[in-house]
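No hydrogens, no waters, no symmetry mates; every other heavy atom, side chains included, goes into these values. The chains referred to below are lettered A, B, ... by the order of the sequence lines, with proteins before strands, and numbering in each begins at 1.
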Number of protein chains: 2
Amino acid sequence: MSPKITTELLKQLRQVMRNPRYVQEPVQAYIVPSGDAHQSEYIAPCDCRRAFISGFDGSAGTAIVTEQHAAMWTDGRYFLQAAHQMDSNWTLMKMGLKDTPTQEDWLVSVLPEGSKVGVDPFIIPADQWKRMSKALRSAGHDLVPVKENLIDTIWTDCPQRPCKPLITLDLNYTGVSWRDKIVALRSKMAERKVMWFVVTALDEVAWLFNLRGSDVEYNPVFFAYAVIGMNTIRLFIDGDRMMDPAVREHLQLDSTLEPEFKIQVMPYGSILSELQAVGAGLSPKEKVWLSDKASYALTEAIPKAYRYLTPYTPICIAKAVKNAAETEGMRRAHIKDAVALCELFNWLEKEVPKGTVTEIVAAEKAEEFRSQQKDFVELSFATISSTGPNGAIIHYKPVPETNRTLSVNEIYLLDSGAQYKDGTTDVTRTMHFGTPSAYEKECFTYVLKGHIAVSAAIFPNGTKGHLLDSFARSALWDCGLDYLHGTGHGVGSFLNVHEGPCGISYKTFADEPLEAGMIVSDEPGYYEDGSFGIRIENVVLVIPAETKYNFKNRGSLTFEPLTLVPIQTKMIDVNLLTEKECNWVNEYHQKCREVVGAELERQGRHEALRWLLRETEPLSRVQ
Amino acid sequence: MSPKITTELLKQLRQVMRNPRYVQEPVQAYIVPSGDAHQSEYIAPCDCRRAFISGFDGSAGTAIVTEQHAAMWTDGRYFLQAAHQMDSNWTLMKMGLKDTPTQEDWLVSVLPEGSKVGVDPFIIPADQWKRMSKALRSAGHDLVPVKENLIDTIWTDCPQRPCKPLITLDLNYTGVSWRDKIVALRSKMAERKVMWFVVTALDEVAWLFNLRGSDVEYNPVFFAYAVIGMNTIRLFIDGDRMMDPAVREHLQLDSTLEPEFKIQVMPYGSILSELQAVGAGLSPKEKVWLSDKASYALTEAIPKAYRYLTPYTPICIAKAVKNAAETEGMRRAHIKDAVALCELFNWLEKEVPKGTVTEIVAAEKAEEFRSQQKDFVELSFATISSTGPNGAIIHYKPVPETNRTLSVNEIYLLDSGAQYKDGTTDVTRTMHFGTPSAYEKECFTYVLKGHIAVSAAIFPNGTKGHLLDSFARSALWDCGLDYLHGTGHGVGSFLNVHEGPCGISYKTFADEPLEAGMIVSDEPGYYEDGSFGIRIENVVLVIPAETKYNFKNRGSLTFEPLTLVPIQTKMIDVNLLTEKECNWVNEYHQKCREVVGAELERQGRHEALRWLLRETEPLSRVQ
């Protein structure tokens, strides 16, 4: 992977930063956030502006370009990748390390007095704008909205915004109709005394209307906004996809409906002017509910006194708690996914010793096996297929320049998942196809202990996920080890593989309490730069736990693994496990055998079944 | 404990809430926060306004009185106590429970449109003012400062503000001179480009000048403010205590000093006008640093553009990291404290069966033994001496009405501590003087497992204390149990027994990372309303940990117990302990024997020494 040469691009950007055609006054710095106008984590090619200007294409990062400097902030998952992808014009700002300045502090330290800092108001979330603007103002600078995106002005071959057909989901998949979701949303709005709700996140629009799309790779969403009033529904969406009879039928666009369920379809680009009209027409006490992560542009459309901002929207919270139909769908999806991975690992075991399997080949093979499963739609994220030192690049994606051949001498880490019409999967397994070293086994076993500590944790109702994060690290900490990423994220139901409002992280302070029905990942790891990476990830469902006592009648929760793929016992140093941990592994493998074994049998995949049976032989501890 | 009858008082308060002599316009609600003008947790009798109006005298709570309602917010430590102390005029708002409204939400739900909510601007911290004011404004109400404290207007027999002599501490105790502390503070100020620093917390003033007082019971502080400029030092303090030659000598008030170390002594009451003068005389870019918990009144004295507010001041952070002199002092104080407790428990063991020892007698006896130790000053908080059901009242203090006799049939919980000139102690032991039930032992052992999990935890440098909180709960959670308080708080060095900026709590999100030299408590518990309370508390010092590996060269930390008092082995169900936990107990007891045993020997306290030796016999697990 050679870095992108950005000297010329940065020169052009610095020119437009001073060009009165685009900026009222010259800006001394320009911020290029990750994300699109919906604050999506995964974005369409036309929105990959930060990657275009810097070369760094990880999922999280913010670029800031000044007259003299170009700096990139990203987190521990991407330190190595960003360092590889960016040329010497760029300074890497490692977030989470003690000495790394915040963007605000850095700007204050490098800007000349009274500077203007520009940003596209559609791309920056309102909460970030507020923080940044305050910090800059208190140092004598100004954050200013630059209407035309300055990257777009120099991005001559920028791809078009996608506008792909929609998929309608019936009750078998969603459990609740879009009308009932609107009713529930309006009741939340009435509770908070708000008259309007603006849906800005793409997965929230998709969930609300029981529609899916494919405008963004890996995420079954489509570009749209919605504005829900107490008696009106406006959907802002482009293209002829609203001409599709299935969609018209699903949304009942041609039916005689009670007016409060009649959907008005409007052009995607008209959201700002429509919202400004809503804002201008508000009577006193009529509030408009937006996410505090909605763009600054849309937030500003509503006069301050009328805004009701929350970190998580009622849709985000409702979406996170899966109903019975969604949970059953997720179970089915995970069984199919496990079948595909049993096939893959069985295949790898035979092929790797031949020296012909590269990371890319292995990733393609994983996709091939998955695509054979019913209701497969696409992958849920770019497959992380990494061997040896590549495994230490936490969000690595193999490309021809880095593509390494799997061997019997190196650890192989596969983090992959798929979108099925009934659910979303995300699983990481770390395998050795030869004989792992004692040190590799030791590290793997600490990671496994952390995985089990979270998965088997019992905790009171109302507990926030971040309170479980240290459980995943304790065994590593005891030996002076750690990993620089969170332990888990919410997972959508045939939706985004990362979703709020819950998660398990030392960083997440604004997470909502875990509730039965929520689905998160459990994925501790250990990474040694230049050597190897280890991660063990299951998707787990929050379920009620039976306990001996029941303090204050609060009830307890625990997790049920939805992912049912064997954890390679060859990598485990059994003597480092407690009896309880050993039993957990054995019970988990027993369940893999029963559930996935039955499906392999049903699909006539006998060789993979034999592999599964072998890989799930019970462990026993030496006493 | 019978509740305080508040009908008449509330009537009077509601009258002054409408009386134009005190309020410009009538206020429909009046907030009575805990705390004084320094946002102290422990307050002088003249500042106990919330207790005066409500009867509830726990250390944390906020009262709000409207025309129709009177409501009290407090946390889990005080639910029972508050319910006992308040009459039916009051509604108890149990903070931390899901259905309890915030003060703001409650006010919005009960107030008539366009209400004024009054509060004493000296008593409310600026950050709370801001939050409350914003929430009220967005609901159409106003938070207004009421200059004269309305409680004081009806409190006819309010005691005088204390003004007791000062104690000077030399380098043997403090390790650093006040001049060097000023130098260090000014260097922090220069780093942040601020010209002035306002010291508002009483323990920060005391620490900065190496002075102690006794204006507030249990906390060796004195009423004062300080304003530190880059070249000036102003100390706002009343009374003739500045006439004390020892104090004058200590502060070098009569010496020829470099002007930047010359202390100007000013009247306590002149802080607001002096600060307003500072505020009025600021040139652009001259910032004034205040805690964001400083009072609204003082914060407002500085124009907004000139304020530099942080959650923790540089003094708070410097004070938390104890130097060698302070650490050694804390060690000495804890050994003396352990001697006193060995005497006490030995005495209790003999006396309790006679049926003559009440909670108050036991608390007095504990104080008597402590007062025999060198450099004893006073207790560090009101002794929690509680037996049987009283133990479930988390911050119980025995009074004649509730005073219960210790017996061989009930669990006894003693949470107590002292101020010695060389350090502050805080220790909880839970004892049974007869035969505990299997259930009592089971619960005790879960609490002990939590205590050990924190005390023995190894964690990377830079870890915040709240990430350790769940370790203390895990064994309880596994059985559906929990406790409704945090796990640990910072402890001062001959200063407040509760201090920031670090702690171990599920609630504390703004805590600073733990650092070697910080001192916190480790005190998980379990409480069964109406039956018993269990808590095991040590004060622990953060120290570097040796680990097998050292990820990213970050280094690791762990804790060393400073408290060295036996944990009653009779209460332990050894079979619930892991081998590691069992070893921890045995090593801890071995250290108690060696260190405290030697001191008991030195002091010729042979009977208590025999008790210690018996209580520290090694445990052994049945295999």
Side-chain angles (χ1 to χ4, degrees), chain A residues 76 96-98 137-140 193 284-285 287 304-308 439 442-443 453 456-464 466-471 473-474 476-484 506 509-510 513 526-529 545-558 578, chain B residues 76 96-98 108 113 137-140 193 284-285 287 304-305 307-308 439 442-443 453 456-464 466-471 473-474 476-484 506 509-510 513 526-529 545-552 554-558 578:
Chain A
L97 299 196
K98 210 180 157 183
R137 204 166 45 236
S138 82
K193 297 180 185 155
K285 300 229 157 192
K287 296 261 175 187
K304 203 169 170 187
Y306 297 92
R307 286 177 215 156
Y308 181 76
Y439 178 61
E442 183 187 358
C443 295
I458 294 173
F459 49 91
N461 252 315
T463 301
K464 294 185 172 190
H466 69 260
L467 291 170
L468 308 180
D469 184 74
S470 299
F471 290 154
R473 298 176 200 273
S474 179
L476 289 161
W477 282 357
D478 278 346
C479 294
L481 304 180
D482 196 7
Y483 53 96
L484 298 181
Y506 62 99
F509 295 139
Y526 175 67
Y527 311 91
E528 208 150 287
D529 289 354
E546 294 293 321
T547 52
K548 189 170 176 186
Y549 307 112
N550 187 8
F551 179 64
K552 302 263 179 207
N553 234 345
R554 283 193 300 178
S556 293
L557 299 171
T558 187
T578 64
Chain B
L97 300 196
K98 212 180 157 183
V108 169
E113 275 190 34
R137 206 166 44 237
S138 82
K193 298 182 184 153
K285 300 229 159 193
K287 296 261 175 189
K304 202 168 171 187
R307 285 178 217 156
Y308 181 75
Y439 177 61
E442 183 186 357
C443 295
I458 294 172
F459 49 91
N461 252 315
T463 301
K464 294 183 173 192
H466 70 260
L467 291 170
L468 309 180
D469 183 75
S470 299
F471 290 154
R473 298 176 199 274
S474 180
L476 288 161
W477 282 357
D478 278 346
C479 293
L481 303 181
D482 197 7
Y483 53 96
L484 299 181
Y506 62 101
F509 293 139
Y526 176 66
Y527 310 91
E528 208 150 286
D529 289 353
E546 294 293 320
T547 53
K548 188 170 176 188
Y549 307 112
N550 188 6
F551 179 64
K552 302 264 179 203
R554 283 193 298 177
S556 293
L557 299 171
T558 187
T578 64

Check whether Ser556(B) reaches the backbone of Gly480(A) with its side chain - one donor and one acceptor, N or O, closer than 3.5 Å.
no

State plainly whether the residues Lys552(A) and Asp529(B) are in salt-bridge range, i.e. N to O under 4.0 Å.
yes

Show the numbers, then the answer: is there a ring-ring contact (aromatic ring centres under 6.0 Å, His included) between Tyr549(A) and Tyr439(B)?
CA-CA 11 Å; Tyr549(A) 307 112; Tyr439(B) 177 61; 5.3 Å; yes

Per-residue tally against chain A (heavy atom, under 4.5 Å) across Glu528(B), Glu442(B), Arg307(B) peaks at Glu442(B)

Going by heavy atoms in the side chains, are Trp477(B) and Thr463(A) under 4.5 Å from each other?
yes

Under a 4.5 Å heavy-atom cut-off, does chain A meet the side chain of Lys287(B), its backbone, both or neither?
side chain

Distance-minimising heavy-atom pair for Leu481(A) and Phe551(B)
CA-CB, 3.8 Å

Heavy-atom contact with chain A under 4.5 Å, split by part of Lys304(B)
neither

Where on Tyr308(B) is there a heavy atom nearer than 4.5 Å to chain A: the side chain, the backbone, both, or neither?
neither

If one checks every heavy atom of Arg473(B) against chain A at 4.5 Å, the contacting part turns out to be neither

Report the relative orientation of the aromatic rings in His466(B) and His466(A); use parallel for angles under 30°, tilted for 30 to 60°, perpendicular for over 60°.
perpendicular

Among Thr578(B), Asp469(B), Thr547(B), which residue forms the greatest number of heavy-atom pairs with chain A at distances under 4.5 Å?
Thr547(B)

Looking only at Asp482(A), Asn550(A), Asp478(A), most heavy-atom pairs under 4.5 Å shared with chain B are made by Asp482(A)

Largest heavy-atom contact set with chain A, pairs under 4.5 Å, which of Leu476(B), Leu484(B), Asn461(B):
Leu484(B)

